[in-house]
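Input: a single structure, listed below in structure tokens.
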Amino acid sequence: METGEAGTGQVLLMGVEQFPTTTDPRDEPAAGRTDWPRLSFVPDLLSRLGLAYKRVGYDVLSVAEPDRRAVTLHSDDAVTSGTTRIVHTMSHGATAADLHRSPAAAGQEHIHMVPTCGTLGTGTDVSQWVRTAHQQREPTLFVVDLCRAGRAARLSELTRVPDGELNAWVIAATSPDLPAYDGRFSEAVADVLERIADHGLDTSPSIRFVRWDRVTRAIQSSLNALGSRQVIHTTRVDVSQELPELPFFPNPRWRPDVRLERLNDVTPPVRAFVADLDAEHFMSRVGDHFVGRQSQLEWLAAWLDDDRAGGLRVVTGAPGSGKSALLGALVCSGHLTVIDAAPDIRAYLSAQNPEGVCSPNPFLAAVHSRGRDIDSILASIALQWKLPIEPERQWTVADLISETSALPAVPALVFDALDEAEDPDGLMRSLLMPLARAVRADGRSSVRLLVGTRRWRAGPLLTLADRDSGLLDLDDVPVQEIRSDLRNHVLRRLSSLPQYGAPEQRPIRTALAETVAATLTDEADRMHEWGPFLVARVFGHVLAGEPAPGSVDAAVARGRTVPRSLPGVLELDIGNRPDSADLRAVLAAVAFAKGDGFPIEAVAAVAPEFAPEPAAAPGSGLRGATGRRLLQHVRGLLDAGSFYLRTGVETDGSVLYRLFHQGLSDYLQDRPYPLDSEAA
């Protein structure tokens with residue numbers, strides 16, 4: 001027995017290579033026995049699988065060449081002990097036909113593991129193991145590499161059990177009626193286990209176990225790559241429902257952070273506000289967060305708390321002017337779901353400016369419309385306002401407005417990124433304009449609507465807001481106010497950096513922050529082309545990677561070099577990095593992500609298109625690498641470029657990547673190729 005390190009539980013691993021043969025080929029096998037050819041691949045696979053399961057964290061009980069008695073004893077102990085999480089078998093599979101019995105006698109669903117003695121019985125019936133395991137308190141997984149193994153995954157009485165109540169799960173090498181070949185299935189399982197140990201199949205660090213559908217798809221993909229035509233069969237699941245957390249494959253990237261887990265449970269249209277404010281990391285990267293726009297925050301927070309004021313406010317401005325951060329601060333301070341998940345975010349915002357936070361509001365809904373259509377948006381709003389939900393109800397705008405009249409208070413809706421929705425113009429005309437104009441019987445607005453958008457294609461909405469003094473243009477703010485906010489933003493960032501932290505560094509960081517703020521605001525026209533807050537934030541990231549200036553004069557000189565546009569500061573940062581061309585190509589690929597983002601497989605598929613030709617060394621760079629090597633290279637580049645990324649979670653638990661700002665996406669979509677490339 002080999003002992004693992006992580007205490008995940010035990011794996012029972014049984015494999016049979018040698019089987020008895022009849023002494024005379026003319027003789028019929030005895031009842032219950034037949035001739036089984038040798039499986040020469042089993043010893044090597046037993047060794048590889050044992051190491052792979054151990055790397056994932058299991059204790060491994062590896063049993064080679066078990067006879068009928070050993071198979072019976074070990075399987076019975078594994079199924080009933082409560083400590084064995086996985087049973088993995090490799091052998092021949094026997095059915096009623098193999099045993100020269102009628103289907104009625106043996107049962108159509110039965111599949112036996114053939115022991116080294118070739119004698120079968122109740123204890124070798126894998127299907128019965130599965131039935132027994134379902135009656136236990138803890139879940140057990142059966143990984144079955146036998147011919148016709150799919151019979152164990154298709155037990156009729158278990159197909160009627162809800163997923164959340166099922167305690168026996170099966171991944172089978174093939175269908176109920178087809179053979180399995182050469183241990184290819186177990187080879188694919190070993191491959192996937194090794195990848196889980198390396199990087200958790202890129203599962204989000206917020207998820208403790210690699211999810212069922214992620215693992216099973218990876219096994220089938222690996223099986224295909226081995227040239228096998230086998231199609232695995234697994235326990236059937238209800239795809240319309242969320243799968244339970246199955247404790248079979250620990251995610252090595254998991255970080256036990258209850259706060260992040262709660263935030264990831266927040267519905268995506270609301271969670272996006274947390275991400276845009278970078279509020280997921282308030283506790284670990286305080287100096288990198290949005291600071292400023294205090295007077296605008298105070299104005300909007302007071303409006304959200306006063307349902308007698310006008311019903312529409314619109315925030316607009318240049319890319320990077322702080323629209324999403326402004327709205328994110330309001331949502332994170334007032335939306336009950338976010339407050340419940342991470343109350344420290346509201347506390348942080350309140351500590352900065354108590355007048356700039358709105359009151360917690362049970363009728364505050366928030367929708368980040370990036371990549372969303374009107375049906376999903378209506379459903380999200382209705383859910384957040386706790387309107388009557390009927391099964392499969394298709395909400396309309398008229399229904400939504402009608403139902404709000406029954407609420408005890410006027411509900412509020414923060415609606416950001418209108419320009420990033422699937423159909424911005426259609427959403428504006430069919431949803432936002434009717435909501436803005438709707439009135440209750442008592443004369444108050446039916447909805448308090450706050451919208452964040454760029455100016456393009458939102459003219460009617462901006463005109464309506466401006467008519468009621470509800471338009472906030474972040475570009476139309478006094479330069480001195482913007483400069484002061486920028487100074488505070490940069491100063492907070494510098495104060496968090498070790499190289500600027502000593503007492504004697506105070507005049508240096510002050511001079512640098514003041515110079516950066518002054519430089520970014522000394523030409524009003526250029527300032528409104530790219531929001532200075534976004535440029536300052538990226539420049540702060542550049543400064544974090546270099547030594548502090550040695551004097552006040554040097555700090556002033558460095559501050560004057562700040563680029564005045566997002567493209568300029570981005571290219572400055574990337575150009576100073578190792579693998580700069582490949583990093584730029586990966587960021588360009590992510591720029592094309594829709595909705596909540598691209599998984600790593602999509603990034604790896606797109607990024608080589610934007611990379612330079614491979615260097616002389618074979619297999620180097622994005623264009624020179626393939627398969628696993630390419631994925632590993634992309635994984636490292638995503639880590640290196642994490643400052644520019646926001647992550648989400650796909651339904652299978654994998655990480656989704658998108659750029660942290662739409663202005664950055666726009667630029668890299670327009671110029672995805674290296675600037676010195678002929679394709680650019």
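Computed from a prediction, not measured in an experiment: that's the story for all the values here. Sequential numbering from 1 along the given sequence is applied to the chain's residues.
- The nearest pair of heavy atoms linking Glu546 to Gln499 is O-NE2, 3.0 Å.
- Between Asp473 and Thr316, the side chains place no donor N or O within less than 3.5 Å of an acceptor N or O (distance only, hydrogens not considered).
- Val490 approaches Ala536 most closely through the heavy-atom pair CG2-CB, 4.1 Å.
- Counting only distance, with no hydrogens or angles, the side chain of Asp419 and the backbone of Thr453 share no donor-acceptor pair below 3.5 Å.
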| message | Using side-chain contact (heavy atoms from CB on, under 4.5 Å), reason through Val606 and Val586 one step at a time and then give a plain yes or no. | response | CA-CA 8 Å; Val606 176; Val586 163; over 6 Å; no

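- Using a 4.5 Å heavy-atom threshold, the side chains of Phe533 and Leu520 count as separate.
- Residues forming a salt bridge (charged side-chain N to carboxylate O under 4.0 Å, His left out) with Arg370 (at least two apart in sequence, or on another chain): Asp276, Glu420.
- What you find for Pro549 and Ala555 is that their closest heavy atoms are CB-N, 3.6 Å.
- Using a 4.5 Å heavy-atom cutoff, the side chains of Leu491 and Thr510 are in contact.
- Using a 4.5 Å heavy-atom threshold, the side chains of Ile345 and Val274 count as touching.
- Nearest heavy atoms, Val655 versus Pro205: CG2-CD, 4.2 Å.
- A donor-acceptor pair shorter than 3.5 Å cannot be found between the side chains of Tyr667 and Gln662.
- Salt bridge Arg564/Asp522: present, at least one basic N to carboxylate O contact under 4.0 Å.
- Residue pairs that meet the side-chain hydrogen bond (donor to acceptor under 3.5 Å, both in side chains) test with at least one member in residues 323-335, sequence neighbours left out, are Ser324-Asp416, His335-Gln384.
- Ion pairing of Asp340 with Arg262 is absent here, as no side-chain N (NZ or NE/NH1/NH2) approaches a carboxylate O to less than 4.0 Å.
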| Trace of the side-chain contact (heavy atoms from CB on, under 4.5 Å) decision for Val634 with Asp582 | CA-CA 9 Å; Val634 169; Asp582 282 357; over 6 Å; no

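- For an aromatic pair to be called close, the ring centres must be under 6.0 Å apart, and Tyr657 with Phe598 fails this.
- Using a 3.5 Å distance cut-off with no hydrogens or angles, the side chains of Arg483 and Thr521 do pair a donor with an acceptor.
- For Arg646 (side chain) and Ala275 (main-chain N/O), a donor-acceptor pair under 3.5 Å exists by modelled atom type.
- A distance-only check finds a donor-acceptor pair linking the side chain of Arg623 to the backbone of Ala611 [under 3.5 Å].
- Counted by atom type alone, Asn353 and Glu298 present one or more donor-acceptor pairs between their side chains at under 3.5 Å.
- The shortest distance between side-chain heavy atoms of Arg255 and Leu260 falls below 4.5 Å.
- In summary, the side chains of Arg629 and Gln632 do not present any donor paired with an acceptor at a separation below 3.5 Å, with no hydrogens or angles considered.
- Between the side chain of Ser380 and the backbone N or O of Ser376 there is no donor-acceptor pair closer than 3.5 Å.
- Although no hydrogens or angles enter the test, the distance criterion places a donor-acceptor pair under 3.5 Å between the side chain of Ser204 and the main chain of Ser206.
- A donor-acceptor contact shorter than 3.5 Å is absent between the side chain of Trp254 and the backbone of Val210.
- Rounded to the nearest 0.5 angstrom, Glu650 CD and Ile600 CD1 are separated by 14.0 Å.
- Between Val535 and Ser565 the shortest heavy-atom distance is CG2-C, 3.7 Å.
- Checked options Leu638, Leu656, Leu664, Leu668; the residue passing with Val590 is Leu638 (criterion: side chain to side chain contact (heavy atoms under 4.5 Å, CB included)).
- A donor-acceptor pair under 3.5 Å is absent between the side-chain atoms of Arg454 and the main chain of Ala417, judged by distance alone.
- Judged by distance alone, the side chains of Ser551 and Asp553 never bring a donor and an acceptor atom under 3.5 Å apart.
- With contacts defined as side-chain heavy-atom distances shorter than 4.5 Å, the pair Leu464/Val314 does not qualify.
- Pairs engaging residues 495-517 under the salt bridge (Lys or Arg N to Asp or Glu O under 4.0 Å) rule: Arg487-Glu514 [sequence neighbours left out].
- When side chains are defined from C-beta on, Val315 counts as touching Leu300, because their heavy atoms get closer than 4.5 Å.
- In this structure, Leu432 and Leu312 have side chains that are not in contact, with every pair of non-hydrogen atoms separated by 4.5 Å or more.
- Here the CG atom belonging to Leu631 is positioned 12.0 Å from the CG atom belonging to Asp198, to the nearest 0.5 angstrom.
- Remark: Leu587 CG to Leu583 CG distance equals 4.5 Å, nearest 0.5 Å.
- The closest donor-acceptor contact from the side chain of Arg271 to the backbone of Asp265 lies at 3.5 Å or more, if one exists at all.
- With a 4.5 Å cut-off on side-chain heavy atoms, Val556 and Leu512 do not count as touching.
- Remark: the backbone N or O of Leu572 is paired with a side-chain donor or acceptor of Asn576 at under 3.5 angstrom.
- Annotation: cation-pi pair Arg658/Phe592 absent, no NZ/CZ under 6.0 Å from the ring centroid and within 45° of its normal.
- A distance-only check finds a donor-acceptor pair linking the side chain of Arg346 to the backbone of Cys358 [under 3.5 Å].
- Taken to the nearest 0.5 Å, the CD atom of Gln352 stands 6.0 Å off from the CD atom of Gln294.
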| field | Stepwise side-chain contact (heavy atoms from CB on, under 4.5 Å) test for Val410 and Phe363 | value | CA-CA 8 Å; Val410 175; Phe363 297 106; over 6 Å; no

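- Between Tyr644 and His541, the two ring planes are perpendicular [angle over 60°; tilted spans 30° to 60°].
- With 3.5 Å as the limit, one finds no donor-acceptor pair spanning the side chains of Trp299 and Glu355.
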| query | Which is it for Ser369 and Ile377 under the side-chain contact (heavy atoms from CB on, under 4.5 Å) test, yes or no, and what are the steps along the way? | reply | CA-CA 7 Å; Ser369 59; Ile377 288 171; 4.1 Å; yes

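- The SG atom of Cys332 sits 8.5 Å away from the CG atom of Leu263 when rounded to the nearest 0.5 Å.
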| task | Apply the test salt bridge (charged side-chain N to carboxylate O under 4.0 Å, His left out) to residues Arg372 and Asp596: give CA-CA distance (whole Å), side-chain angles for both, the deciding distance (0.1 Å), then the verdict. | result | CA-CA 10 Å; Arg372 307 189 196 283; Asp596 292 326; 3.4 Å; yes

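- For Glu422, the side-chain contact (heavy atoms from CB on, under 4.5 Å) test picks out Asp373, with sequence neighbours left out.
- Separating the OG1 atom in Thr519 from the CG atom in Leu486 is a distance of 10.5 Å, to the nearest 0.5 Å.
- Shown here for Pro672 and Ala588, the closest heavy-atom pair between the two residues is O-CB, 3.7 Å.
- Evaluation of the salt bridge (charged side-chain N to carboxylate O under 4.0 Å, His left out) rule for Arg577 yields Asp573 as partners, not counting sequence neighbours.
- Listed by chain and number, the residues in a salt bridge (charged side-chain N to carboxylate O under 4.0 Å, His left out) with Asp639 amount to none (sequence neighbours excluded).
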